[in-house]
Amino acid sequence: MTVRLLSGKPIADEIKAEVSAEVAKLEFRPGLAVVRVGEDPASSVYVGSKVKTTEELGMYSEHIHLPAETSGEEILAVVKRLNEADEIDGILVQLPLPGHVNEREILEAIDPAKDVDGFHPMNVGRLSQGQDALVPCTPAGVIEILKRSGIEIAGKNAVVLGRSNIVGKPMAMLLLQENATVTICHSRTRDLASVTSQAEILVAAIGRAGFVRGEHIAEGATVIDVGINNVSDTSQAAELFSEDDMPKRLAAIEKRGFTLVGDVNPKEAMGRAGAFTPVPGGVGLLTVAMLMKNTLKAAKLRRGI
Ligand code: GUN
């Protein structure tokens, strides 16, 4: 059986084109504010991509970069100003925040109507009750990949590996809303492979490089890999990547010190899955596209459109 690769790029491009076309028709410019605190290198890359895409789609972008030692009160004051700013429709505080800051307190201070990350308890509650809500971008992107790839969700056995507030829990809620039969697995799940190998749709979001092996995957399953992990060890790379893929991976390790791998062992998934999202080039690209879609949605809702 040949595996179908579910590439994120054409789907992300399609969503961004839809947002851009709608933005062009509006009589105002939706605005997104991104707040970054400190110097986390991954956050710097992600925020750069969010700011650039916002501008490319014709929206207004405000990037607030604060020093690592900024107090929680100072961050709260920034959030309060953005809550009140009429030109701002979406507010995103990039995580992780520095250790001395209470993340929950900051996220709960964001106006739920501007909460384009969907992390505010009001939006979490609305999602869990099946009401219209601003929904976390990465799991919403997974649903778009499935739908736009013509993969039926209703009635399927879906297993979500991971129970984070950012991905696992909202992912389970969205799959449930699409009428899948949903199981959530985590570090305390007994005999994990016996559960995951029942999945017709398997979503991996645990943050462990290549953790999902062939034995975890049912023949022909759709496997969605949400993980983004760095691999710098060449012998670990040989366990994860096919011979065809290795030269490119080794070149990346040589050049940058690491190559990216998801939570699924791609070499083994290729031999079992019916469809599979690559890393890089899969789910990751959807996150920014869905943030743009959420910003447009928040802008329209806030102005009663
Ligand atoms: N850090 C990693 N993923 C995310 C995300 O989706 N939103 C925010 N705000 N921070 C993140």
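For ligands, and for the atoms within them, numbers begin at 1 and follow the listed sequence. For the numbers below, each heavy atom of this structure counts, side chains included, while hydrogens, waters and symmetry mates do not. None of these values were measured; they are calculated from a predicted model.
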Using a threshold of 4.0 angstrom between heavy atoms of the protein and any atom of ligand 1, which residues qualify?
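Protein residues near ligand 1 are Leu92, Val93, Gln94, Leu95, Asp117, Phe119.
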If you look only at distance, which donor and acceptor atoms sit under 3.5 Å apart when one is on a side chain in residues 17-29 and the other is two or more places apart or in another chain?
from, atom 1, to, atom 2, distance (Å)
Glu18, OE1, Arg148, NH2, 3.1
Glu18, OE2, Arg148, NH1, 2.8
Glu22, OE1, Lys300, NZ, 2.4

Output every pair passing salt bridge (charged side-chain N to carboxylate O under 4.0 Å, His left out) with a member in residues 286-297, not counting sequence neighbours, ordered by first then second residue.
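Sorted result for residues 286-297: Asp132-Lys297, Glu144-Lys293.
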Under a plain distance cut-off of 3.5 Å, with no hydrogens placed, do Glu74 and Ser71 share a side-chain donor-acceptor pair?
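Yes, side-chain donor-acceptor contact under 3.5 Å.
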Consider only side-chain N and O atoms of Ser235 and Asp233, and report whether a donor and an acceptor are under 3.5 Å apart.
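The criterion, which ignores hydrogens and geometry beyond distance, is satisfied for Asp233 and Ser235.
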Are the side chain of Asp115 and the backbone N or O of His120 linked by a donor-acceptor pair below 3.5 Å?
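Yes.
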Using the salt bridge (Lys or Arg N to Asp or Glu O under 4.0 Å) criterion, which residues pair with Lys248? Sequence neighbours excluded.
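By the salt bridge (Lys or Arg N to Asp or Glu O under 4.0 Å) rule, Lys248 matches Asp245.
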